[in-house]
Amino acid sequence: MRFCVLLLASVPVAVFAQPFSFGIKVGAPFTDSFNVSAGQATFTADTKRFIVGPTAEIRLPLGFGIEADALYRRYEYSYGSGTFVPGVGGVLNSNTKAGSWEFPIMAKIRGGLPLIKPYAVGGISFKHLMGIKQTVSCLGGTCGQSFNDIAHDSNVGLVLGAGLQVNVLLLKISPEIRFTRWGVANFESPSSVNGRLKFNQNQADILIGFTF
């Protein structure tokens, strides 16, 4: 009985005693954020090529680890039409801007030599839109406060990635390619609009981590 108590007490100590690293990740989207098709209405999408956020990892035995990130990016797109759109009004232009926080939690495995270690990650990611700002200008008809093209402000996706960790003294530099498949489209234009805008649920990013 005493042995079991000591064993259970040692589990959290062993977990928290494992090496812990933290730092920052920066990068850029490799894929466009939106799919746009032509029509009477015109959408212009601007993929912001910048990603940044903190990262942390608990390194476990045998090359395994658990990594968690908090990555911020921005979205922006515009709509323009000089014609009347049923259900929306005589829309001249609409501009939408939004920030996004993504929280991937991933299992990690690495190998290789002491100074250069290839690795792979896989897990799940949570996304939430924030700071959504939409300006709509109308001529004729009625125009509400929103253009109804924000389908979901939250999302969940599957994450896979691979990279190479290079150790330079106490600094670890980790270039990585990461793919995320989101469950739903965060943005999608109303069916009453001829031109189409839809969020790209397949997301590929190039990231570089700097951790200690």
Side-chain angles (χ1 to χ4, degrees), residues 24-55 69-104 123-161 176-208:
I24 189 172
K25 280 188 183 286
V26 297
F30 184 75
T31 52
D32 291 331
S33 300
F34 302 98
N35 295 320
V36 179
S37 62
Q40 184 178 356
T42 302
F43 283 98
T44 303
D46 182 11
T47 300
K48 301 297 183 181
R49 304 291 179 181
F50 186 71
I51 305 168
V52 65
T55 180
D69 306 328
L71 303 177
Y72 179 80
R73 73 180 72 211
R74 290 196 61 80
Y75 298 111
E76 182 176 356
Y77 57 90
S78 299
Y79 164 85
S81 174
T83 60
F84 182 82
V85 180
V88 179
V91 177
L92 289 178
N93 59 73
S94 171
N95 179 263
T96 303
K97 299 179 181 179
S100 170
W101 279 102
E102 299 172 15
F103 303 96
I124 190 169
S125 184
F126 303 90
K127 170 189 287 203
H128 184 71
L129 300 179
M130 59 177 294
I132 301 172
K133 183 178 181 181
Q134 192 171 63
T135 57
V136 182
S137 300
C138 299
L139 181 64
T142 59
C143 184
Q145 293 297 315
S146 80
F147 193 50
N148 298 323
D149 47 0
I150 299 175
H152 303 277
D153 60 3
S154 297
N155 213 337
V156 180
L158 298 177
V159 183
L160 291 174
E176 175 185 332
I177 297 176
R178 185 179 296 181
F179 174 80
T180 305
R181 169 64 184 183
W182 295 108
V184 296
N186 288 106
F187 305 89
E188 188 170 8
S189 59
S191 58
S192 59
V193 178
N194 292 328
R196 299 294 293 162
L197 172 137
K198 188 171 183 180
F199 176 73
N200 189 358
Q201 292 173 243
N202 295 318
Q203 173 183 296
D205 300 321
I206 299 175
L207 302 169
I208 302 178

Y77: which of D46, D149, N95, T44 passes side-chain hydrogen bond (donor to acceptor under 3.5 Å, both in side chains):
D149

For the pair K48 and R73, evaluate side-chain contact (heavy atoms from CB on, under 4.5 Å) and give the outcome as yes or no after the intermediate values.
CA-CA 7 Å; K48 301 297 183 181; R73 73 180 72 211; over 6 Å; no

Go through it in stages, so that I can follow the logic: the residues are F34 and F43, the test is side-chain contact (heavy atoms from CB on, under 4.5 Å), and I'd like the CA-CA distance, side-chain angles, deciding distance and then a yes or no.
CA-CA 10 Å; F34 302 98; F43 283 98; over 6 Å; no

Under 3.5 Å, side chain of T31 to main-chain N/O of A204, donor-acceptor pair present?
yes

I150/N186 under side-chain contact (heavy atoms from CB on, under 4.5 Å): CA gap, chis, key distance, verdict:
CA-CA 6 Å; I150 299 175; N186 288 106; over 6 Å; no

Without swapping roles, check the side chain of N200 against the backbone of N202 for a donor-acceptor pair under 3.5 Å.
yes

Side chain proximity check, S100 to H128, heavy atoms < 4.5 angstrom
no

May I ask you to decide if S189's main-chain N or O and R196's side chain share a donor-acceptor pair within less than 3.5 Å?
yes

Between I24 and V52, is any pair of side-chain heavy atoms under 4.5 Å apart?
yes

Which heavy atom of A98 sits nearest to which heavy atom of I132, and what is that distance?
CB-CG1, 4.0 Å

What pair of heavy atoms forms the shortest contact from W101 to A70, and how long is it?
CZ3-O, 3.3 Å

Under a 4.5 Å cut-off applied to non-hydrogen side-chain atoms, are F50 and Y72 in contact?
no

I want to check something: taking the side chain as every heavy atom from C-beta on, are P54 and D69 in contact at a cut-off of under 4.5 Å?
no

Assess the side chains of S125 and E102: does a donor N or O sit below 3.5 Å from an acceptor N or O?
no

Summary of salt bridge (charged side-chain N to carboxylate O under 4.0 Å, His left out) pairs that have at least one residue in residues 24-36, sequence neighbours excluded
K25-E67, K25-E176, D32-R49

Shortest non-hydrogen contact from A45 to V36?
CB-CG2, 4.0 Å

pair S94-Q134: side-chain heavy atoms closer than 4.5 Å
yes

Distance check, rounded to the nearest 0.5 Å: K97 atom NZ versus K133 atom NZ?
6.5 Å

Between Q203 and F179, does a side-chain contact (heavy atoms from CB on, under 4.5 Å) hold up when you go through it step by step?
CA-CA 6 Å; Q203 173 183 296; F179 174 80; over 6 Å; no

Is the shortest side-chain heavy-atom distance between L71 and L207 below 4.5 Å?
yes

Any donor-acceptor N/O pair, Q201 side chain to W182 backbone, under 3.5 Å:
yes

Less than 4.5 Å apart, side chain to side chain, heavy atoms only: is that true for D205 and I51?
yes

Within the structure provided, determine whether F199 and V184 are in side-chain contact (heavy-atom separation under 4.5 Å).
no

